[in-house]
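Inspection log for the structure reproduced underneath, given as structure tokens.
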Amino acid sequence: MIQQYPYHVCMQYLHRYVKVQTTDGKVFEGIIAHVDHDKVILAIPEGKEAPAHRAFIGPFGPGFGFFPGFRPFAFPFGALGGIFPFTFFI
């Protein structure tokens, strides 16, 4: 389903904590911060592994105006293999 409708799947989990698996098998955790028609921007917590080659720098520099303690990274839809939401219980 992710290959057919990546925009709609990502929009369903906008502003939620998810695991993203890329087509090369790597897994990243973070919050879906933004979705447009060709990519998803994931806010990855500081200290978690982040893909260096997919860094997203905003117009005012890295991390400006972003979630505190998170770094933004853009993933093109073609690189997404799956999106898995986290369910938290308290």
Side-chain angles (χ1 to χ4, degrees):
M1 184 165 132
I2 189 74
Q3 291 89 3
Q4 294 176 342
Y5 307 102
Y7 175 81
H8 299 293
V9 171
C10 291
M11 285 301 293
Q12 178 181 356
Y13 299 116
L14 185 63
H15 301 132
R16 297 184 193 267
Y17 200 87
V18 297
K19 271 189 181 179
V20 171
Q21 183 175 5
T22 60
T23 53
D24 59 1
K26 295 180 182 173
V27 177
F28 303 97
E29 296 179 15
I31 298 170
I32 294 181
H34 178 77
V35 180
D36 61 26
H37 288 285
D38 60 346
K39 68 183 172 299
V40 59
I41 297 177
L42 191 68
I44 297 177
E46 294 287 340
K48 292 276 187 181
E49 181 184 347
H53 65 283
R54 290 193 176 101
F56 175 80
I57 305 298
F60 302 106
F64 182 81
F66 211 68
F67 301 117
F70 288 82
R71 295 171 300 177
F73 290 90
F75 293 87
F77 287 143
L80 295 179
I83 295 178
F84 309 97
F86 273 85
T87 304
F88 295 100
F89 296 101
I90 297 177

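Hydrogens, waters and symmetry mates are skipped; everything else that's a heavy atom, side chains included, is used. Predicted model, so just to flag it, every value in this text is computed and none were measured.
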Find the distance between [atom1] ([X]) and [atom2] ([Y]) and round it off to the nearest 0.5 Å.
| X | Y | atom1 | atom2 | result |
| --- | --- | --- | --- | --- |
| Asp36 | Phe77 | CG | CZ | 6.5 Å |
| Ile31 | Leu14 | CD1 | CG | 10.5 Å |
| Gln21 | Leu80 | CD | CG | 10.5 Å |
| Thr23 | Phe75 | OG1 | CZ | 11.0 Å |

Contacts of His8 that satisfy side-chain contact (heavy atoms from CB on, under 4.5 Å) - sequence neighbours left out =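 Here the qualifying residues are Tyr5.
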Between [X] and [Y], which heavy-atom pair has the shortest distance, and what is it?
| X | Y | value |
| --- | --- | --- |
| Ala33 | His15 | O-NE2, 3.8 Å |
| Glu29 | Pro45 | O-CD, 3.5 Å |
| Ile32 | Cys10 | CD1-O, 3.9 Å |
| Val27 | Lys19 | CG1-CD, 3.9 Å |

Show your reasoning for whether side chain to side chain contact (heavy atoms under 4.5 Å, CB included) applies to Phe28 and Phe73.
-> CA-CA 10 Å; Phe28 303 97; Phe73 290 90; over 6 Å; no
Not counting sequence neighbours, which residues clear side-chain hydrogen bond (donor to acceptor under 3.5 Å, both in side chains) with Asp38? List them please.
->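 Applying side-chain hydrogen bond (donor to acceptor under 3.5 Å, both in side chains) to Asp38 gives none.
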Would you say Val18 and Phe84 are hydrophobically clustered, going by side-chain heavy atoms of ILVMFWY under 4.5 Å?
->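 Cluster IDs for Val18 and Phe84 differ.
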Step by step, would you call Phe70 with Leu42 a side chain to side chain contact (heavy atoms under 4.5 Å, CB included)?
-> CA-CA 9 Å; Phe70 288 82; Leu42 191 68; over 6 Å; no
